[in-house]
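Here's the structure, in C-alpha cells; my notes come after.
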Amino acid sequence: EITEKFEDVFRKLKGQGKISEKHLADGMREIRRVLLEADVNYKVAKQFVADVQEKALGADVVKSITPAQQIIKIVHDELVLLIGGSSSPLKTANIPPTVIMVVGLQGSGKTTFCGKLANQLKAQGKKPLLIGADLQRPAAVEQLKTVGRQIGVDSYSDLSTTPLSVCKAGFSLARQKGCDVIVLDTAGRLHVDEALMQELQQIKGELKPHETLFVADGMTGQDAVNAATVFLEKIDFSGIVLTKMDGDARGGAALSIKAVTNRPIKYIGTGEKLDALEIFHPDRVASRILG
Amino acid sequence: VSGKTRIDEETLEEIEERLIAADVGVNTTLDIISALRENLQLRDRNDSQAVLNCLKSELIERLQMNGSADTASNQKPYIIMVVGVNGVGKTTSIGKLANHFVQDGKRVVLGAADTFRAAASEQLEIWASRANVEIVRNKPGADPASVAFDAVAAAESRSADIAIIDTAGRLHTKSNLMEELKKIQRAIDRKMPGAPHEVLLVIDATTGQNGLTQAKVFNDAVKIGGIVLTKLDGTAKGGIVVAIQEQLRVPIRFIGVGEQMDDLQPFVPEEYVEALFS
Ligand SMILES: Nc1nc2c(ncn2[C@@H]2O[C@H](COP(=O)(O)OP(=O)(O)OP(=O)(O)O)[C@@H](O)[C@H]2O)c(=O)[nH]1
Ligand SMILES: Nc1nc2c(ncn2[C@@H]2O[C@H](COP(=O)(O)OP(=O)(O)OP(=O)(O)O)[C@@H](O)[C@H]2O)c(=O)[nH]1
Ligand SMILES: [Mg+2]
Ligand SMILES: [Mg+2]
C-alpha cells in the first residue's frame, strides 16, 4: 500500500540526512506509478504529480523529519480536493417533471442505475417514471420493465417507434400520471459513434433534462478520459456515476474523468441489487486509489 | 551524447506512454522496454522506424500463443461455458459465437444459465432466434447449475455439435458467486464427464489493470481455456490482455468489434498490434 511503498523510498533517502529535491522527484515517480497502477490516466497522473511536487516544495518537506508522511498527506489531500468538490443534490424542476437523463458506454450499468435512482427517489416520497429509450439492445425494455416492477415504479417504452418519440410520449405520460421525476434510460453507445451521439443530442434538445448523468464503469482504465471528454463535448453532462465499485478495481477512472470534465461525481454503484447506491465520498475513493 | 549505441530516450518515453495509454500496465511496459533495449540491433538504435518494428514484433511474440480459433475438437457435443464480470459482453458474444458456428454448419444449443439478472434469459432468447439456434432456459431464480445441466442434456439428446452456456456476470471478489460458478461447472461435468471442454473468459477492452486480477481469480475458480476481448470498436485497446496472456498462458480466441451478430473476429496478433499503434 502506498504509505509503505513511499516510506521504503524515503528510508533509502533518509540515510543521507534530509532529502533533496532529487529525492523528492524520485518519490514523485513512485506516486505516479501508484496512480498508473490504479488506472489513473497517464496525462492526469503526470499533471497531478507535478502539482503535488510544487506543493511539497512549497511546504518545505525537504526540511521535514518525516518527509514521507508529510508528502503522503499532501498527495491524499490534493486527491480529495481534485475528485471532491461539493456533492450537490440533484437539481429539481420548478415545474415538474424533473428529467434525469442517464448516458454512457455499453454495459457500464445505466439501466441498473436508473432502477437504483428511481428506488431512492421513491423512498424520498417522489413519484418517478422510468422511460426506456433503449430500443436497440435485445430485451432492454424488458429489463427496465422488470427493474421497475421490482421496485414498484412505473416504466414506459414503445418498441414500435424511435427513441426520440418514446421520450416525447413518456414525458407527456409523466405529466398525465402526475409523476414528478423522470429517469430516462438510454442505450449504451460509443463516443465515436457519430449517429448515436447525435441521437443523444436530439433527445437532450427535446427533453431538456435538469440533470444528465454519465455512468462509467469503476474498472475502466486509460480510455475513461476519451469517452468522458467526447460525451462532455457533445452532450455536456452535469454529473458522474461510478459503478461496480463493490469490486476491487482501484477506481482511478474517478480521478481521470473528474479531472478532464470538472463535473461532480454524484453516486457510486456498490452492487447488483437495486438498493446498492451510495452518495459519493471523495476521501473514501481517494484512499482506494492510493491503495 | 553517446546516442549511437543507446536508444533515444525521448523515443522510449513515447513508447512507454503509448503502451500505458493502451492499458498494457506499468510492469509489462517496463518489461517490454527492457526487452527492446536488449534486442534492438546497435545499428538500428537511431532509426525510429526500426525501433517501432522491433517493438511490434516484441508484442506480437507475447501475444502469439494463439490456439486455432476453431473448436476442432472431437468432443460431441463440445461444451463451452462463458464467464466474466458484469456487463463485459458475455451474452452478446454468445449470440455472435452461435452464429459463427452455424455458418460453419454446426448445430448449436444455448443454455441460459443466468437466472439472476433482469431479462437475462429473454436477452439470450433473442440472440438464439437471430442465430437460428435452440435455447434451454428456466424461470428467473431457478438454479443456474440445473439449467446448465439441462442444456448439456439437450445438446446430447439432440446430437448438437456445440453447447454454449451463458452465466451471470459476477465480480471475482464475491466468493459466494465464484463458488456458484464452480457449482455450475460441476453440474456440467456430472452430465458429461470432462465438460465444459472450454471456459471462455470475456474481458472488456475498456478495463484497466483490474482485468488481470479478474483473469487470475476466475482462472483459480474454473480453468480458463481462452479469452474473448470485446468492445474493440471503441477507442480502448485492451492492452491488459498482454499481461493476462503472459500470466495465464491462455489464447485470446476472439475479439468483439460491435453489437451486431457479425461483429466477432478471430484474434490475430499482427492485426491487434497494428491497431495498437494506429
Ligand atoms: N456488482 C455490480 N454490478 C453492477 C453494478 N451496476 C450494474 N451492475 C451490473 O452490470 C451489468 C450491466 O448493467 P446494465 O444496467 O445492464 O448496464 P447498461 O449500461 O444499461 O448496459 P447497456 O444498456 O447494454 O449499455 C449487470 O449485470 C448489472 O447487474 C454495481 O454497482 N455493482
Ligand atoms: N460496441 C460494442 N458493444 C458490445 C460489444 N459486445 C457487447 N457489447 C454491448 O455491451 C453491452 C453489454 O453486453 P452483454 O452481452 O449484456 O454483457 P454481459 O456480460 O452478458 O452482461 P451481464 O450478463 O449483465 O454481466 C450491450 O449493450 C452489448 O450490445 C462489442 O464488441 N462492441
Ligand atoms: Mg441498459
Ligand atoms: Mg449476460
Side-chain angles (χ1 to χ4, degrees), chain A residues 32-34 36-43 45-46 105-112 115 136-150 187-193 216-227 230 243-244 246-253 271-272 274, chain B residues 16-27 29-30 85-92 95 116-127 129-130 140 168-174 177 204-211 213-214 217 230-231 233-240 256 258-259:
Chain A
R32 179 175 160 264
R33 178 172 185 145
V34 167
L36 291 178
E37 290 178 339
D39 288 325
V40 175
N41 180 268
Y42 74 98
K43 289 193 187 129
K46 205 174 194 172
L105 297 180
Q106 290 90 346
S108 63
K110 298 175 293 300
T111 304
T112 307
Q136 288 287 89
R137 168 176 154 152
V141 169
E142 187 60 28
Q143 183 186 6
L144 191 66
K145 264 208 193 107
T146 304
V147 160
R149 266 198 308 270
Q150 287 171 350
R189 67 203 65 215
L190 295 176
H191 48 297
V192 292
D193 188 324
D217 194 319
M219 59 187 174
T220 309
Q222 298 289 312
D223 193 57
V225 297
N226 298 332
V230 176
T243 61
K244 309 178 200 171
D246 42 320
D248 58 0
R250 300 272 293 284
E272 299 188 69
L274 297 173
Chain B
E16 188 182 296
E17 288 198 340
R18 173 75 76 139
L19 294 176
I20 298 279
D23 285 313
V24 170
V26 176
N27 285 338
T29 296
L30 293 179
V85 302
N86 307 70
V88 295
K90 299 177 291 301
T91 306
T92 305
F116 171 75
R117 207 210 67 214
S121 302
E122 284 76 3
Q123 183 185 5
L124 191 64
E125 278 183 315
I126 292 174
W127 280 109
S129 97
R130 283 180 182 181
R170 67 201 66 224
L171 294 185
H172 50 290
T173 46
K174 312 216 161 154
L177 297 184
D204 185 326
T206 64
T207 305
Q209 298 310 297
N210 196 249
T213 316
Q214 292 171 23
V217 175
T230 60
K231 308 182 194 173
D233 45 320
T235 50
K237 303 293 184 186
I240 194 62
E259 303 188 71

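In the text below, chain A, chain B and the rest are named by the order of the sequence lines, each starting its count at 1.
Side-chain contact between B:Arg117 and A:Gln143 is present, with heavy atoms from C-beta onward closer than 4.5 Å. Counting heavy atoms from C-beta outward, A:Lys244 and B:Val85 have side chains that stay 4.5 Å or more apart. Within the 4.5 Å cutoff, side-chain heavy atoms of A:Arg137 are placed close to those of B:Gln123. No side-chain heavy atom of B:Thr173 sits less than 4.5 Å from a side-chain heavy atom of A:Asp246. The shortest distance between side-chain heavy atoms of B:Val88 and A:Met219 falls below 4.5 Å. Two residues are said to be in side-chain contact when any heavy atoms from C-beta on lie closer than 4.5 Å; B:Gln209 and A:Leu36 fail this criterion. Within the 4.5 Å cutoff, the side chain of B:Leu30 has heavy atoms near those of the A:Arg33 side chain.
The greatest number of non-hydrogen atom pairs below 4.5 Å with chain B, out of A:Pro138, A:Gly218, A:Gly107, is found for A:Pro138. Chain B forms the most heavy-atom pairs under 4.5 Å with one residue out of A:Thr112, A:Asp248, A:Asp217, A:Leu190, and that residue is A:Asp248. Between chain B and the options A:Asn226, A:Thr146, A:Thr220, the largest number of non-hydrogen pairs under 4.5 Å is found for A:Thr220.
Residue contact with chain B, scored on non-hydrogen atoms closer than 4.5 Å, is absent for A:Lys43. At a 4.5 Å heavy-atom cutoff, the contact between B:Gln214 and chain A is made by side-chain atoms alone. For A:Arg32, the part lying under 4.5 angstrom from a heavy atom of chain B is the side chain only.
With A:Asp223 as the fixed residue, the side chain to side chain contact (heavy atoms under 4.5 Å, CB included) test singles out one of B:Thr235, B:Thr207, B:Asp204: B:Thr235.
Listed here is the closest heavy atom pair of B:Leu171 and A:Gly247: CD1-N, 3.4 Å. Taking every heavy atom of both residues into account, A:Val147 and B:Ala118 meet most closely at CG2-CB, 4.2 Å. Of all heavy-atom pairs spanning B:Ala119 and A:Ala139, the tightest one is CB-O, 3.8 Å.
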Could you give me the CA-CA distance, side-chain angles and deciding distance for B:Glu259 and A:Gln136, then say whether side chain to side chain donor-acceptor pair (under 3.5 Å) is met? CA-CA 9 Å; B:Glu259 303 188 71; A:Gln136 288 287 89; 6.0 Å; no

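Taking a cutoff of 4.0 Å between a charged side-chain nitrogen and a carboxylate oxygen, B:Lys174 and A:Glu272 do not qualify as a salt bridge.
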